[in-house]
Amino acid sequence: MVTVTIICILSLIPLFFLISIESRLLLIFLALISFAYSLPLFTLGDQKFGLRNIPGLKQFLITLVWTLSTVLLPIMEAQNLNFTNINLRDTMILLAKRFLLIAALTVPFDIRDLFEDRESGLKTIPVAVGEKRAYLFCQILLGGYIVLLFLFRNNGFNKDFFALTLTAILTGWLIFKSKWKSKPYFYFFTLMAY
């Protein structure tokens with residue numbers, strides 16, 4: 001894993017200088033969040049901890065980094081290169097859609113780690129509300145995602161809406177069918193394949 005990470009970083013360094021200044025600043029911001037996520041940067045008494053140990057922040061940070069890097073970064077680059085022009089309303093809907101979807105996909109991973117998180121004192125959604133309510137929370141997030149699909153670009157009920165809604169329903173079903181006893185590969189290959 002360390003070797004692959006080093007190779008990826010070295011490969012990405014030249015690409016960093018090919019993107020706009022705004023995109024570089026966004027990537028630096030996301031990198032800082034990612035490092036602060038797990039590094040023990042803070043001290044409380046004699047205990048050191050990272051951002052992931054702050055109650056409720058773990059899932060939010062993961063979702064935020066994925067959302068900004070998969071939506072805002074491409075939009076910024078596409079607009080910088082004059083490939084497209086996406087207005088602020090549609091950009092906000094795209095960000096909100098992706099945020100809800102990724103948030104729904106991260107909760108099952110926290111459910112899988114429920115006992116370890118509880119023992120280590122991490123306050124994740126499943127630890128705070130329980131396994132069943134966490135599954136319900138995922139379904140609510142996916143419902144919000146479907147509502148935003150309808151609102152994006154005022155397209156309403158078109159083929160993209162139906163295809164993505166069907167995918168969201170399938171994802172909701174997979175999340176509902178997943179249990180903490182499932183094998184780890186279930187999470188990696190079925191949920192993340194989406």
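What you see is a predicted model; the values in this text were computed from it and never measured.
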Legend entry - Whether over 12 other heavy atoms sit under 6.0 Å from Arg24 CZ: yes
Inset, instruction - Measure across Gly172 and Gln139 and return the closest heavy-atom pair with its distance rounded to 0.1 Å. - result: O-NE2, 3.0 Å
Inset, instruction - For residues Asn158 and Phe162, determine if any side-chain heavy atom of one lies less than 4.5 Å from a side-chain heavy atom of the other. - result: no
Inset, instruction - To the nearest 0.5 Å, tell me how far Glu22 CD sits from Leu73 CG. - result: 11.5 Å
Inset, instruction - Starting from the C-alpha separation in whole Å, work towards a yes-or-no answer on side-chain contact (heavy atoms from CB on, under 4.5 Å) for Met92 and Leu88. - result: CA-CA 6 Å; Met92 296 307 290; Leu88 182 61; 4.1 Å; yes
Inset, instruction - Establish whether Leu12 and Val65 are linked, either directly or via other cluster members, by ILVMFWY side-chain heavy-atom contacts under 4.5 Å. - result: no
Inset, instruction - Give a yes or no on whether the backbone of Pro126 and the side-chain of Glu131 come within a donor-acceptor separation of less than 3.5 Å. - result: no
Legend entry - Nearest heavy-atom neighbours spanning Pro108 and Ala104: CD-O, 3.1 Å
Legend entry - Interatomic spacing from CG in Leu68 to CZ in Phe99 - rounded to 0.5 Å: 9.0 Å
Inset, instruction - Measure the shortest side-chain to side-chain distance between Ile19 and Leu27 over non-hydrogen atoms and say whether it is less than 4.5 angstrom. - result: yes
Inset, instruction - Answer yes or no: are there more than 12 heavy-atom neighbours, outside Phe35 itself, under 6.0 Å from its atom CZ? - result: no
Legend entry - Distance-only donor-acceptor check, side chains Thr84 and Gln79, under 3.5 Å: no
Inset, instruction - Could you please spell out the steps behind the side-chain contact (heavy atoms from CB on, under 4.5 Å) verdict for Thr63 and Arg98? - result: CA-CA 9 Å; Thr63 304; Arg98 186 64 51 93; over 6 Å; no
Inset, instruction - Flag the pair Met76 / Ser23 as yes when at least one side-chain heavy-atom distance between them is below 4.5 Å, and no otherwise. - result: yes
Inset, instruction - Evaluate the side-chain proximity of Leu64 to Leu30: yes if any heavy-atom separation is below 4.5 Å, no if none is. - result: no
Inset, instruction - Please examine the side chains of Asn87 and Thr91, heavy atoms only from C-beta on, and report whether any two atoms are closer than 4.5 Å. - result: no
Inset, instruction - Could you tell me the separation between the CG atom of Leu101 and the OG1 atom of Thr67, rounded to the nearest 0.5 Å? - result: 8.5 Å
Inset, instruction - Output, in order, the C-alpha distance, side-chain angles, deciding distance and verdict of side-chain contact (heavy atoms from CB on, under 4.5 Å) for Trp66 and Leu105. - result: CA-CA 11 Å; Trp66 274 94; Leu105 292 174; over 6 Å; no
Legend entry - Leu142 side chain near Ile146 side chain, heavy-atom distance below 4.5 Å: no
Inset, instruction - Drop me the distance from Leu164's CG to Lys159's NZ, to the nearest 0.5 angstrom. - result: 12.0 Å
Inset, instruction - Say whether Met1 and Leu39 are linked into one hydrophobic cluster, either directly or through other cluster members, by side-chain heavy-atom distances under 4.5 angstrom. - result: no
Inset, instruction - Report yes if the side chains of Ile28 and Phe16 come closer than 4.5 Å at any heavy-atom pair, otherwise no. - result: yes
Inset, instruction - Find out whether Leu57 and Phe60 are in side-chain contact, i.e. whether some heavy atom of one side chain is under 4.5 Å from a heavy atom of the other. - result: yes
Legend entry - Matching residue for Thr106 among Ile62, Leu141, Ile125 - test: side-chain contact (heavy atoms from CB on, under 4.5 Å): Ile62
Inset, instruction - To the nearest 0.5 Å, tell me how far Ser34 OG sits from Phe29 CZ. - result: 9.5 Å
Inset, instruction - Following the transitive rule for hydrophobic clusters with a side-chain heavy-atom cut-off under 4.5 Å over Ile, Leu, Val, Met, Phe, Trp and Tyr, establish whether Val71 and Leu81 coincide in one cluster. - result: no
Legend entry - Worked check of side-chain contact (heavy atoms from CB on, under 4.5 Å) between Val129 and Phe137: CA-CA 9 Å; Val129 301; Phe137 181 64; 5.9 Å; no
Legend entry - Spacing of CG belonging to Leu100 relative to SG belonging to Cys138, to within rounding of 0.5 Å: 11.5 Å
Legend entry - Ile7-Ile13 co-clustered via ILVMFWY side chain contacts under 4.5 Å: no
Legend entry - hydrophobic_cluster_shared for Ile140 and Tyr135, side chain cutoff 4.5 Å: no
